[in-house]
Amino acid sequence: MTLVFVETEDPATPATGGVQLTSAEAVTFARTRAAALDGGASGEAGAAAGADGSGSGDSGSSPLEVAVIGELTEAARDRLAHLGVARIHHIDSPDLHAYSAAAWAQALVDIAPAQGTILASGTPRGMEIMAHVAARLGARMAANVVAADDQGLLRQVLGGAAFERLRLSGAVRVLTIAGHACDPEDTTPSDPEVLTHSPAATEADLRTRVVRTEVEEADDTSGLTQAKVVVGAGRGVGSADGFGEVLELVDHLGGALGVSRVVTSLGWRPHAEQVGQTGSRIAPDVYIACGISGAIQHWAGVQGAKTIIAINTDEEATMVQRADYAIIGDLHEVVAAVNEEITRRRG
Ligand SMILES: Cc1cc2nc3c(=O)[nH]c(=O)nc-3n(C[C@H](O)[C@H](O)[C@H](O)COP(=O)(O)OP(=O)(O)OC[C@H]3O[C@@H](n4cnc5c(N)ncnc54)[C@H](O)[C@@H]3O)c2cc1C
């Protein structure tokens, strides 16, 4: 059996609705890789797993179960039905209203399968809770998994710069799924059974818990992580005043600006716009890297892009070598010419 811990939207405040995008990805991952996960991804290959690890999972696999802690809104229930969930464990008790990794993890341990996989999306909260779950169950854990098939699991390591293949032994295995490992995918809507649990937490488990939440406005990165087109800008723009053409291109394409760490370290742009190992990880349809060398820490955040276009004066730059398309030239001239052409064509 596979149990997915699902985060609802806006966990810091009373639930407002649906399921977080990353959790929808994790549920889809569990459903479409069910055969491989049921097989343990530990040697006993799942019959329905495809060569790319995307087996249908609809035949012969155990029903998909999820756990939601806190309020379960109608919107969340409906979303989970469209994601093909068979059973929702709704865990709601006053002890768990404030986030506490240990207490939330224990609530999941209480309903954990004796055999199978427990997983969550690789968000800070998903990572923290799954680590507690694995420790409490004495189970083996793999973080940042991107694929599961009859070869085992594939996970990102070194900030996404490399991949590791592995198998987890044991009756129960614990995983977190890397962001963008798969797209959320609806299926024939189910009519999930809802089981309600009201566990009491121990004093020891509640010792560390959230007592206050402050939201920093400048840190909203949702536009960047969800944009279909991201225009990246690095040191090559030259100065804080060098973003004019790039921002105009962002505007033309209805995309978002993403920058390298050099740019944020120099104070040219806010950290919320940084992509990479210590910034946001993005997976747009198109990433246009302007004046970015393609350091490994930057690459870790952009390698999920479907198409990468590099604009750089140095044809030897790593970003140029790795891009699908490259334009060798001064970014200010190249981007200005692209903007001019877009304006001309749009009349
Ligand atoms: C622990 C750690 C974490 C890190 N995390 C991140 C991270 O999350 N994100 C990140 O980006 N970096 C990160 N870094 C930094 C990373 O190693 C690089 O230093 C950084 O990505 C380089 O930024 P850059 O490409 O803008 O600058 P540079 O490496 O200096 O490259 C500038 C590029 O611009 C080109 N160029 C110059 N002028 C022009 C022009 N007029 N037109 C066109 N091209 C031009 C140059 O040829 C060059 O390729 C991290 C580093 C460490 C140690």
Side-chain angles (χ1 to χ4, degrees), residues 22 122-124 127 143-144 146 156-163 178-180 216 218-227 229-250 252-253 255-284 286-305 307-342:
T22 47
T123 59
M127 291 284 199
N144 287 320
V146 293
Q156 291 176 343
V157 291
L158 299 174
F163 293 95
H180 308 306
E216 281 186 34
D219 259 347
D220 180 11
T221 55
S222 55
L224 176 58
T225 53
Q226 285 166 34
V229 179
V230 174
V231 182
R235 197 201 304 260
V237 300
S239 73
D241 299 324
F243 290 83
E245 299 91 356
V246 168
L247 287 171
E248 193 183 332
L249 183 58
V250 168
H252 279 312
L253 300 177
L257 176 70
V259 301
S260 71
R261 180 156 123 171
V262 166
V263 166
T264 58
S265 299
L266 289 169
W268 294 352
R269 301 291 304 182
H271 181 264
E273 293 175 355
Q274 184 179 316
V275 294
Q277 184 182 329
T278 45
S280 294
R281 289 174 192 233
I282 58 172
V286 182
Y287 178 56
I288 307 172
C290 307
I292 295 178
S293 60
I296 198 166
Q297 297 89 356
H298 187 82
W299 185 254
V302 304
Q303 61 186 352
T307 301
I308 296 181
I309 302 167
I311 302 173
N312 203 303
T313 45
D314 178 7
E315 63 182 26
E316 302 291 329
T318 309
M319 187 57 86
V320 171
Q321 300 294 321
R322 289 184 158 185
D324 299 288
Y325 303 93
I327 302 163
I328 308 304
D330 183 323
L331 74 91
H332 298 290
E333 291 171 18
V334 174
V335 177
V338 172
N339 288 334
E340 204 180 307
E341 182 63 14
I342 292 173

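Just so you know, ligand 1 is whichever comes first in the structure, and atom 1 is the first atom listed for that ligand. Along the sequence shown, residues carry numbers from 1.
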Please check if the side chain of His271 supplies one atom and the backbone of Thr278 the other of a donor-acceptor pair under 3.5 Å. yes
If we ignore hydrogens and angles and just use 3.5 Å, is the side chain of Asn339 paired with the main-chain N or O of Glu245 as donor and acceptor? yes
Would a 4.5 Å heavy-atom cut-off, applied to side chains only, mark Trp299 and Thr318 as touching? no
On a heavy-atom basis, I'd like to know which of Gly238, Gly258, Ser293, Ala289 is closest to atom 29 (O) of ligand 1. Ser293
Has Ile296 got more than 12 heavy atoms of other residues, nucleotides or ligands less than 6.0 Å from its CD1? no
Is any side-chain heavy atom of Val320 less than 4.5 Å from a side-chain heavy atom of Asp314? no
The one among Leu266, Thr313, Thr264 that brings a heavy atom closest to atom 44 (N) of ligand 1: Thr313
Name the option, out of Gln297, Gln277, His332, that contains the heavy atom nearest to atom 50 (C) of ligand 1. Gln297
For a side chain to side chain contact (heavy atoms under 4.5 Å, CB included) check, start with the C-alpha distance between Val157 and Asn144, then their side-chain angles and the critical distance, and finish with the verdict. CA-CA 8 Å; Val157 291; Asn144 287 320; over 6 Å; no
Suppose we measure from atom 41 (N) of ligand 1 to each protein heavy atom; which comes out shortest, and what is that distance? Asp330 OD1, 3.4 Å
Against heavy atoms of Asp314, which atoms of ligand 1 measure under 4.0 Å? 47 (O)
What are the atoms of ligand 1, with element, lying closer than 4.0 Å to any heavy atom of Gly329? 42 (N), 43 (C)
Polar side-chain atom of Asn312 near backbone of Ile292 as donor-acceptor pair, under 3.5 Å: yes
Residue-level breakdown please: for Val275 versus ligand 1, do any non-hydrogen atoms fall below 4.0 Å on the side chain, on the backbone, on both, or on neither? backbone
In the protein, which heavy atom is nearest to atom 19 (O) of ligand 1, and how far is it? Val262 CG2, 4.1 Å
Kindly determine whether Ile288 and Val335 satisfy side chain to side chain contact (heavy atoms under 4.5 Å, CB included), including the steps that lead there. CA-CA 10 Å; Ile288 307 172; Val335 177; over 6 Å; no
His298 neighbourhood, listing ligand 1 atoms whose heavy-atom distance to it stays under 4.0 Å: 10 (C), 11 (O), 21 (O)
What atoms in ligand 1 come closer than 4.0 Å to a heavy atom of Thr278? 3 (C), 4 (C), 5 (N), 6 (C), 7 (C), 8 (O)
Kindly indicate whether the side chain of Val275, heavy atoms from C-beta on, has any atom under 4.5 Å from the side chain of His298. yes
Select one of side chain, backbone, both or neither to describe which atoms of Ala295 lie under 4.0 Å from any atom of ligand 1, heavy atoms only. side chain
Would you find a donor on one side and an acceptor on the other, under 3.5 Å apart, between the side chain of Ser280 and the backbone of Ile282? no
Is ligand 1 under 4.0 Å from a heavy atom in the side chain of Gln274, in the backbone, in both, or in neither? side chain
Heavy-atom proximity to atom 40 (C) of ligand 1 ranks first, among Gly236, Gly291, Ala233, Gly234, for Gly236
Looking only at distances, please establish whether an N/O atom of ligand 1 is found under 3.5 Å from an N/O atom of Leu331. yes
Numbering as shown, the atoms of ligand 1 that approach Ser260 to under 4.0 Å (heavy-atom distance): 11 (O), 23 (O), 24 (P), 26 (O)
Looking at atom 10 (C) of ligand 1, what's its closest protein heavy atom, distance included? Arg261 N, 3.3 Å
Atom indices of ligand 1 within 4.0 angstrom of Gly279 heavy atoms, with elements: 8 (O)
Give the residue, atom name and distance (to 0.1 Å) of the protein heavy atom nearest atom 30 (O) of ligand 1. Arg235 NE, 2.6 Å
Does some non-hydrogen atom of Asn312 fall short of 4.0 Å from ligand 1? yes
Does Ile311 reach the side chain of Val338, with side-chain heavy atoms less than 4.5 Å apart? no
